[in-house]
Amino acid sequence: QVQLVESGGGLVQAGGSLRLSCAASGRTFSSYAMGWFRQAPGKEREFVAAIEWSGGITYYADFVKGRFTISRDNAKNTVYLQMNSLKPEDTAVYYCAAGAMSSRSPMSSHEDDNEYYYWGQGTQVTVSS
């Protein structure tokens, strides 16, 4: 069992930055692939970024490449999402999730929210224009 708690959301102006954190409980955090998803009002949840268990492989949605960076610190049971050059269209609730994908799993597995077992409660990110 893994419990996830996101933090770091807030209100920021366009062009600004935020760093989201997701703290995990449980001894097996380091064995899980971690992902960030987001959901804007009236829209479906969408994949943002993912990182495999060791942190050596990362995946990004095209719309965040070059702006967002996912990382993890297994010693602290925490995964991060550094968000730079934020745009109003990045406004959403951001969720972290844990899944059992291996380093051999294709990117499509990491993008699929059905592959994730555990989810946090979400943190609101609002980007003003």
message: Is it the case that the side chain of Glu115 and the backbone of Gly99 share a donor-acceptor pair, with hydrogens and angles ignored and the cut-off at 3.5 Å?
response: no
- request: Please round to the nearest 0.5 Å and tell me the distance separating atom CG of Asp113 and atom CH2 of Trp119.
  value: 5.0 Å
CD on Gln39 to CD on Glu46, rounded to 0.5 Å: 9.5 Å
- request: Check whether more than 12 heavy atoms from other residues, nucleotides or ligands sit under 6.0 Å from atom OH of Tyr117, and answer yes or no.
  value: no
Reported CG-to-OH distance for the pair Leu20 and Tyr95, which is rounded to 0.5 angstrom: 13.0 Å
- prompt: Could you go step by step and tell me if Val79 and Trp36 meet the side-chain contact (heavy atoms from CB on, under 4.5 Å) rule?
  reply: CA-CA 9 Å; Val79 63; Trp36 285 97; 3.9 Å; yes
Hey, can you pull the donor-acceptor pairs under 3.5 Å for the side chains in residues 122-129, sequence neighbours left out?
{"residue": "Thr123", "atom": "OG1", "partner": "Gly9", "partner atom": "N", "Å": "3.2"}
{"residue": "Gln124", "atom": "NE2", "partner": "Ala92", "partner atom": "O", "Å": "3.4"}
{"residue": "Gln124", "atom": "NE2", "partner": "Thr126", "partner atom": "OG1", "Å": "3.3"}

- line: Tightest non-hydrogen contact, residues Ser105 and Tyr59, listed as O-OH, 3.5 Å
message: Using only atom types and a distance under 3.5 Å, with no angle test, would you say the side chain of Gln121 pairs donor to acceptor with the backbone of Val5?
response: no
Tyr60 side-chain N/O to Ile70 backbone N/O, donor-acceptor pair under 3.5 Å: yes
statement: Here the gap from Met34 atom CE to Asn77 atom CG, rounded to the nearest 0.5 Å, amounts to 9.5 Å
task: Give a yes or no answer on whether the side chain of Tyr116 reaches the backbone of His110 with a donor-acceptor pair at less than 3.5 Å.
output: yes
query: About how many Å separate CZ of Arg72 and OG of Ser30, when rounded to the nearest 0.5 Å?
result: 7.0 Å
message: Looking at every heavy atom in both Leu4 and Cys22, which two are closest together, and how far apart are they?
response: CB-SG, 3.8 Å
Expected list for residues 80-89: side-chain donor-acceptor pairs under 3.5 angstrom, two or more places apart:
{"residue": "Gln82", "atom": "NE2", "partner": "Asn84", "partner atom": "OD1", "Å": "2.9"}
{"residue": "Asn84", "atom": "OD1", "partner": "Ser17", "partner atom": "OG", "Å": "2.9"}

query: Is a side-chain donor or acceptor of Glu52 paired with a backbone partner of Ile57 at a separation under 3.5 angstrom?
result: yes
- prompt: When hydrophobic residues are tied together by side-chain contacts of less than 4.5 Å, even through go-betweens, does Phe47 share a cluster with Phe68?
  reply: no
- line: All heavy atoms of Phe29 vs all of Ala24, minimum pair found to be CD1-CB, 3.3 Å
task: First locate atom CG of Asn114, then atom OG of Ser109, and finally report the distance between them rounded to the nearest 0.5 Å.
output: 11.0 Å
statement: Between Asp112 and Phe37 the two heavy atoms that sit nearest each other are C-CZ, 4.3 Å
